[in-house]
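Quick notes on the structure that follows.
Numbers restart at 1 for each chain; the letters A, B, ... are given by sequence-line order, proteins then strands.
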Protein chains: 2
Amino acid sequence: MKYAEAKEELIQAWGNLGYSWGLNKTMAQIHALLMISPKPLSTEEIMLELSISRGNANMNIRALLDWGIVSRILVPGERKEFFKSEKDIWALARQVAKERRKRELEPILKVLREVNDVQSDGSEDTKELKRVVKDLKNFAEKSDGLLETFIKSEESWFRNVLLKIMK
Amino acid sequence: MKYAEAKEELIQAWGNLGYSWGLNKTMAQIHALLMISPKPLSTEEIMLELSISRGNANMNIRALLDWGIVSRILVPGERKEFFKSEKDIWALARQVAKERRKRELEPILKVLREVNDVQSDGSEDTKELKRVVKDLKNFAEKSDGLLETFIKSEESWFRNVLLKIMK
DNA sequence: CTAAACTTTCAATAGTTTTTGAAAGTTTCC
DNA sequence: GGAAACTTTCAAAAACTATTGAAAGTTTAG
């Protein structure tokens, strides 16, 4: 396979994976582009490579900065800003986990804790609700704990866990 | 908190969590409703509870059946179909993991394997691409392995892993 | 067979998210 | 200061996704 084709496919594929991680398509594609670029890229270059508008490029670069997975680079002697991506994919996964935990898991845990003290009137409906909330809460808290451990871990954690559980 | 309010909030919250798991909003809400209902519900009842149209209810129930997290129940003496949800949240999470693995991870692994034999022309760009593909492939394969273990596991697996890694 | 009960489909519509590009804003340099 | 180089904003347009509801299809009971 030729370089240009491989690059194209990779950006596409990473675009999809990123999407299922909660980034949006363009965000993930910019990220992919920065991942495979040996040197930092300017907004101009990103626009050109991905055929997207200046505004779109700007907004999504900002979102990536916001997520903490891309950083601004100042090249001495250049007016323009350049961007480079975190290239350690484990660090990246940890960062995404951290953001999603904050954005998704935390709000749900909050609701579950509130709903947890619903008045029990002894009816089937109330009983079932209480049971479900208890289970969900338990699940969400465990997930939260696992995520937290992952976020604070080193790459080796994952390897170690895998080795352990796969015997 | 009163039952009606708690129910409302829970459906809302579960709707959001389900969404971040890759279901869509209505799908997740129908699922939430079935989770907290002590008895199977008909399409009619679901439409009414969630104020959605017949077509919408039908399509999303079908999607839930498709994901394998809701099942059709035939009540003797009734013409209507009833639906009930898998209530074991661990089983549910495993099912969702299974579907997402099939829908998301597998296609990306396929691309990574293809892109992996890009021709190396010795340039910086090619070198960087190869390095990134190698890392991604490694990561994706490990995730795949972990997911597989999870999918085949019992609830206790999660607890055990947690205990292990949390000392 | 036929009517009633129920389910499925799908074209039209509504709603949401993403993208564009030109204008406004900012920084840097002379 | 002012012009050039660059970045940010945002209203409008385009693209995408979800929802409706009426009509078509299917199954069941008598």
Whole-Å distance separating the [atom1] atom of [X] from the [atom2] atom of [N]:
X       : N      : atom1 : atom2 : result
A:Ile52 : D:dA14 : CD1   : C1'   : 16 Å
B:Lys25 : C:dT16 : NZ    : C1'   : 10 Å
A:Asn60 : C:dT17 : CG    : P     : 15 Å
A:Ile30 : C:dT19 : CD1   : C1'   : 12 Å
A:Met47 : D:dC6  : CE    : P     : 13 Å
B:Lys80 : D:dA29 : NZ    : C1'   : 16 Å
A:Phe83 : D:dC6  : CZ    : P     : 13 Å
B:Glu78 : D:dT27 : CD    : C1'   : 15 Å

By nearest heavy atom, map A:Asn56 and A:Phe82 onto DNA chain D; which one lands nearer the 5' end?
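In this pair, the answer is A:Phe82.
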Taking the nucleotide of DNA chain D with the closest heavy atom to each, which residue, A:Glu81 or A:Tyr19, is nearer the 5' end?
A:Glu81
To the side chain of A:Arg72, which of D:dT20, D:dT8, C:dT20 is closest?
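Of the options given, the side chain of A:Arg72 lies nearest D:dT8.
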Does this structure show an ion pair linking [X] with [Y], if we count only N-O contacts that are shorter than 4.0 Å?
X        : Y        : value
B:Lys7   : B:Glu49  : yes
B:Lys110 : B:Glu106 : no
B:Lys39  : B:Glu45  : yes
A:Asp66  : A:Arg62  : no

If you find the nucleotide of DNA chain C closest to A:Ser51 and the one closest to A:Arg79, which residue's nucleotide is nearer the 5' end?
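By nearest-heavy-atom nucleotide position, the 5'-most residue is A:Ser51.
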Phosphate oxygens OP1/OP2 of [N]: is one of them under 4.0 Å from a side-chain N or O of [X]?
X       : N      : value
B:Thr26 : D:dT19 : yes
B:Arg62 : C:dT7  : no
A:Asn58 : D:dT8  : yes

Within a radius of less than 6.0 Å around OH of A:Tyr3, do more than 12 heavy atoms belonging to other residues, nucleotides or ligands occur?
yes
